[in-house]
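Quick notes on the structure that follows.
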Amino acid sequence: MKKSAEEKNVNKWLITITVMLPAIMEIVDTSVANVALPHMQGSLNAGTDEITWVLTSYLVSNAVVLPMTGWLARMFGRKRFLITCITLFTLASLMCGAAPSLGLLIFFRVLQGAAGGALIPMSQAIMMETFPPYQQGMAMAIFGVGAMFGPIIGPALGGWITDNMNWRWIFYINIPIGIIAVVMATFFIYDPSYLKRAKTSIDYWGLALLTVGLGALQIVLDKGQQDDWFNSGFIVACSVLTAVSLAALVYVELTHPHPIVNLRLFKNVSFSAGNLVMFAVGFCLYSSIMLIPLFLQTLMGYNATMAGMVLAPGGVATLICMPFVGAIIQRYDGRKVVFIGLLIAAYSMHIMQGFTLEAAYRDFVWPRVVLGIGLAMIFVPLTTVTLATISKEEMGNATGIFSLLRNIGGSVGIAISATLLARYSQFYQTSLVAHVNPYNPQAQSQIAMLKGAMLNRGLGPVAAEQGAFAIIYGKVVRQAYMLSYNRIFFIVGIAFLIIIPLLLLLKKPQKHLPPGAAH
C-alpha cells in the first residue's frame, strides 16, 4: 500500500532532521577543539607541537574515510553503517572526554574522525535522494544551513564551555545528541531498493593506498609550516609517500572491478569541474576563516569570544541567505548564481585587504557579512549542479569525493596561508626596519620622544634607549604582519576570480518542475 502525500511529506522532514543531527555534530567537532588546545596542554602536560596532533589526528582519519563512504554503505547496508558511525562517534566522544593522557586522547580522536568522516557524505546523499529533483536545491540549502552552523557555533561553543566548565565537556555534549540521532535513524532511515548489501571482492590495495596516501597528505599540509616544509626529513618522507600512494591508487581504482573510490565518475566533465571549483572554494573559505580570528587575536588584542563575535554575523548572513538561494535555483540557472557568489566573495576580500591597525569592530564585521552572502550563493547551487548528473546508485560515492575535495582544499588553503604569513612578515619587516636609521628624521624624533618619556619614569639612559627601541621594533613587527595579512587577503580574492572560467564546464541544470506545474 502506497503512502499518502501527507505521510511522505512528514517523512521527508523527519529524515532531514535525522540526518542533519549527526552532520552538525560532526562539523561542530571539527572546529570545537581548536580554542580548547591551551587548556588541554596544561591538563595533559603536553608540548605545543604535541597538542596539535589532537586536531591533525581527527582530520587525517576524517579525510581517509570520506571517499570510501559510498563503498562502505554498499558493503554493510547504509542504515546499518549510518547507525554504526553515529554510535562509534558518540562512544569515541565519551572516551575523548575521559582520556587520562595525550596518547589516548589522540587515539580516540582518530576513531572519532573515522566515524565522523562518513556522516557528512551519507547525510548529503540521503537528502539528495529523499527530495524530488525540483526540490533538491532547497534540500542542499537546508543541508548548507547545517554545514555553516557548525563552523559558526563551534569555536564560540568551545570557548564558552572551556571557560565556564572544563575542556572535557566539549566532547561530552555529543553524547545526548548522538543517542537521539541513533534512535531517529533506527525509525526513519531505510535502505533504498537499489542499495542492497553487496557481496563483492574487497579492494584491499585500494583501501591501503587510500589510507596511506590521504593520511600522509593531511600530515604534510598540517605540519608543513611548523616543520619548515622540505627542510624537514619527516615532511619530505610524507610527501614522497603521498605522491607514490595516490599515483598507485589511481591505477588500482581504475582497473579494479569493484573499487573503493569510483574514479570513473570524473569522466563526467560537469562533476569534475564542480569538484575543482569546490576545491578552490574550500581553499579560499578555510584560509579566510583561519586568518580573520588569528589577525584579530594577535594584532588587535581581541579575545577568543570577541573574535567569534566578528565571525558570527557572517555566518548568520549565510544562514539567512541560503533558503532564498535554494528557492532561486529552482527557477534560475545555478551556474549564474555561483558566478555572482564568486564576485561577491572576491569583493569581500578586496575590502579586507584594506584593514588597518586602527580599524574598529564594525570595519571587520561588514566584509565578513559580505563574504557570508557570497558563500551562500556559491555553496548551495554548486553542490546541486555538481551532483545533478550523478545516478542515485553512485550518489554516496559522489558526495564522499565532493566533501573530500572541499576538505583538502581547506587544508591546502590553511597551509599556504600560514606559510605566506610567515614569509611575507619577514619580507615586510626587513623593508620597514631599513627606514629606522640615524638618517631618518621622523624615526629619530620618535625614538627621542620615547626615550624622554622613559627617562621621566626614572629609567637610566641605557635602559631608556633600549625601551624606546623595543617599542619601535614592536610597532614595526605589527605593521609588517598587517601588510602580510593585507597581501594574503588580496591573493585569496584573486583566487575567487580565477575559478570563474571553470563554471563554463558545468552542465546547465535541467529545469525540474513540481508535479502539476507542467499541466
Side-chain angles (χ1 to χ4, degrees), residues 30 52-53 55-75 106-107 109-118 120-121 200-267 271-272 275-276 278-280 282-283 286 394 396-416 418-419:
T30 308
T52 53
W53 281 101
L55 304 180
T56 307
S57 57
Y58 183 87
L59 292 172
V60 167
S61 58
N62 208 278
V64 168
V65 172
L66 270 172
M68 61 170 88
T69 302
W71 176 80
L72 288 166
R74 284 198 306 278
M75 281 288 290
I106 290 170
F107 173 72
R109 280 288 278 176
V110 168
L111 284 183
Q112 196 188 31
I120 303 290
T200 56
S201 56
I202 296 175
D203 177 12
Y204 290 109
W205 274 107
L207 187 60
L209 290 167
L210 182 73
T211 305
V212 172
L214 288 180
L217 173 64
Q218 196 68 48
I219 289 169
V220 168
L221 295 173
D222 214 47
K223 295 285 180 186
Q225 171 57 23
Q226 194 178 308
D227 293 354
D228 197 18
W229 291 104
F230 299 112
N231 290 323
S232 157
F234 175 64
I235 295 298
V236 170
C238 284
S239 302
V240 171
L241 196 58
T242 300
V244 172
S245 301
L246 294 183
L249 177 72
V250 172
Y251 173 75
V252 168
E253 296 307 89
L254 290 176
T255 53
H256 198 282
H258 304 289
I260 272 190
V261 186
N262 186 5
L263 297 178
R264 294 181 186 90
L265 286 173
F266 285 106
K267 286 181 181 174
F271 179 72
S272 299
N275 274 284
L276 201 52
M278 186 43 96
F279 174 88
F283 175 98
Y286 283 82
E394 290 296 346
N397 239 320
T399 52
I401 293 169
F402 192 65
S403 297
L404 174 73
L405 280 162
R406 186 187 68 234
N407 284 13
I408 291 181
S411 296
V412 171
I414 289 168
I416 290 176
T419 305

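Atom CD1 in I106 sits 11.5 Å away from atom OG in S61 (nearest 0.5 Å).
Scanning for salt bridge (charged side-chain N to carboxylate O under 4.0 Å, His left out) contacts around R109 gives D29, with sequence neighbours left out. Applying the side chain to side chain donor-acceptor pair (under 3.5 Å) criterion to T419, with sequence neighbours excluded, gives Q225, W229. Qualifying ring-ring contact (aromatic ring centres under 6.0 Å, His included) partners for F271, counting only residues two or more places apart in sequence or in other chains: F266.
Contact record, V412 with F279: CG2-CZ, 4.1 Å, taken as the closest heavy-atom pair. Closest approach of V65 to G117, counting heavy atoms only: CG1-C, 4.2 Å. Between V220 and I235, the closest heavy-atom pair is CG2-O, 4.0 Å.
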List the steps and the verdict of side-chain contact (heavy atoms from CB on, under 4.5 Å) for L249 and L246.
CA-CA 5 Å; L249 177 72; L246 294 183; 4.2 Å; yes

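S245 contributes no side-chain N or O that, together with a main-chain N or O of T242, makes up a donor-acceptor pair within less than 3.5 Å.
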